[in-house]
Protein chains: 2
Amino acid sequence: MRRDIFQAIADPTRRAIIALIAMQAMTPNAIAENFNTTRQSVSKHLRILTECELVKQDFQGREIYYSLDVNKLKELDRWLDRYRAIWESQFNQLDSLLTKIKNKEK
Amino acid sequence: MRRDIFQAIADPTRRAIIALIAMQAMTPNAIAENFNTTRQSVSKHLRILTECELVKQDFQGREIYYSLDVNKLKELDRWLDRYRAIWESQFNQLDSLLTKIKNKEK
DNA sequence: TATATATGCAACTTATCGGTTGCACAAGCT
DNA sequence: AGCTTGTGCAACCGATAAGTTGCATATATA
């Protein structure tokens with residue numbers, strides 16, 4: 001059951017975890033304190049996020065600090081790139097339409 | 001069961017449908033021909049994509065042409081924006097590190 | 001009008017997902 | 001050494017998701 005980034009960010013709890021550890025690394029316990037769920041549940045989410053390399057682990061004694069690995073998010077950015085061209089051209093079409101209307105008003 | 005864009009693009013078949021109709025509008029039957037699945041299954045995916053406004057419908061007689069609505073993809077782009085700042089700053093950190101090394105070599 | 005075609009919807013099945021509970025293990029603390 | 005703390009893993013459960021089959025409806029076509 002190979003998981004990809006799209007499935008990883010589909011879950012709202014996992015997106016919240018990502019937002020939480022984006023700025024500073026946190027331990028599973030610290031993360032779990034921010035949610036209405038069990039520590040084990042968070043641990044499971046972290047496992048999924050780690051598997052698809054969205055987060056990285058920093059082992060310090062018996063504690064594990066999790067932090068965001070932005071590199072994987074770039075993959076999503078690259079996926080969006082394929083459609084960015086479309087919406088930019090559509091914007092240009094709208095833009096030229098607005099220009100036409102503007103010219104007519106003159 | 002309100003579905004959001006993250007869940008919508010989590011499914012690989014739905015992402016393939018998005019890629020397929022990105023450039024030109026297509027009917028459900030035409031779309032289904034591209035997949036190893038039933039027409040009804042594709043119809044279900046289209047319903048989900050329509051519900052969260054990722055695709056739009058163009059009714060022509062008894063045929064329905066589906067096409068991509070890029071506006072909703074911008075939502076994903078905006079979500080990424082929150083982390084784009086991070087990976088750009090990390091790139092800058094790497095950049096300044098490389099500059100330091102370069103200067104030392106001199 | 002009868003038939004064929006395009007589509008959506010409902011019911012059912014199987015697989016997977018998210019959560020909980022319980023346990024194991026390793027690292028600190030007294 | 002014994003206790004506490006931080007963590008992961010496995011087993012189980014209920015909900016949901018994706019796919020199939022069958023049917024209903026509307027629009028073409030003969």
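Basis for what follows: all heavy atoms, side chains included, without hydrogens, waters or symmetry-related copies. The chains referred to below are lettered A, B, ... by the order of the sequence lines, with proteins before strands, and numbering in each begins at 1.
- Across dT20(C), dA17(D), dG6(D), the shortest atom-to-atom separation from the side chain of Glu63(A) is found for dG6(D).
- Following rounding to the nearest Å, Glu51(A) (CD) and dC17(C) (C1') show an atom-to-atom distance of 14 Å.
- For His45(B) and dG19(D), the shortest distance from a side-chain N or O to OP1 or OP2 is below 4.0 Å.
- The phosphate of dC9(C) has neither OP1 nor OP2 within less than 4.0 Å of any side-chain N or O from Ser43(B).
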Determine whether His45(A) and Ile31(A) satisfy the following criterion, side-chain contact (heavy atoms from CB on, under 4.5 Å), listing intermediate values before the conclusion. CA-CA 11 Å; His45(A) 285 303; Ile31(A) 295 169; over 6 Å; no
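- Arg39(B) contributes no side-chain N or O that forms a donor-acceptor pair with the base of dG19(D) under 3.5 Å.
- The phosphate of dT7(D) has neither OP1 nor OP2 within less than 4.0 Å of any side-chain N or O from Arg47(A).
- In terms of polar N and O atoms assigned as donor or acceptor, the side chain of Lys44(B) never comes within less than 3.5 Å of the base of dG8(C) in a complementary pairing.
- Following rounding to the nearest Å, Leu49(A) (CG) and dT7(D) (P) show an atom-to-atom distance of 16 Å.
- Note on Phe59(B): nothing from the nucleic acid sits closer than 4.0 angstrom, heavy atoms only.
- When the nearest nucleotides of DNA chain C are assigned to Ile48(A) and Gln60(A) by heavy-atom distance, the more 5′-ward of the two goes with Ile48(A).
- With respect to Arg78(B) and Glu75(B), no salt bridge is recorded, no charged nitrogen being found less than 4.0 Å from a carboxylate O.
- Phosphate contact (OP1/OP2 of dT7(C), side-chain N/O of Asn29(B), threshold under 4.0 Å): present.
- For Tyr66(B), a side-chain nitrogen or oxygen approaches OP1 or OP2 of dG8(C) to under 4.0 Å.
- Spacing between atom CD of Gln57(B) and atom C1' of dA6(C) amounts to 13 Å, rounded to whole angstrom units.
- At dA6(C), none of the side-chain N or O atoms of Thr27(B) fall inside 4.0 Å of OP1 or OP2 (strictly under the cut-off).
- Although no hydrogens or angles enter the test, the distance criterion places no donor-acceptor pair under 3.5 Å between the side chain of Arg39(A) and the main chain of Ala32(A).
- One can place CE of Met26(B) at 15 Å from C1' of dT7(C), the figure rounded to the nearest angstrom.
- With a 4.5 Å cut-off on side-chain heavy atoms, Asp4(A) and Arg15(B) count as touching.
- Judged by distance alone, with hydrogens and angles left aside, Gln40(A) brings a side-chain donor or acceptor within reach of the base of dG22(C), the pair sitting under 3.5 Å.
- Taking atom CD of residue Gln7(B) and atom P of nucleotide dT16(C), one finds them 18 Å apart after rounding to whole Å.
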Run Asp77(A) and Arg84(A) through salt bridge (Lys or Arg N to Asp or Glu O under 4.0 Å) and show every step you take. CA-CA 10 Å; Asp77(A) 200 44; Arg84(A) 205 166 276 133; 3.0 Å; yes
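- Between Asp11(A) atom CG and dA15(D) atom C1' the separation is 13 Å, expressed in whole Å.
- Regarding Arg15(A), its CZ atom lies at a distance of 14 Å from the C1' atom of dG18(C), rounded to whole Å.
- Side-chain N/O atoms of Arg14(A) and base N/O atoms of dG18(C) include no donor-acceptor pair closer than 3.5 Å.
- Between Thr38(B) and the phosphate of dG19(D), there is no side-chain N or O to OP1/OP2 separation shorter than 4.0 Å.
- Between the side chains of Tyr65(B) and Gln57(B), no donor N or O sits under 3.5 Å from an acceptor N or O.
- Residue-level contact check: Tyr65(A) touches neither bases nor backbone, having no heavy atom under 4.0 Å from any strand.
- Under 4.0 angstrom from either OP1 or OP2 of dG8(D) there lies no side-chain N or O belonging to Arg62(A).
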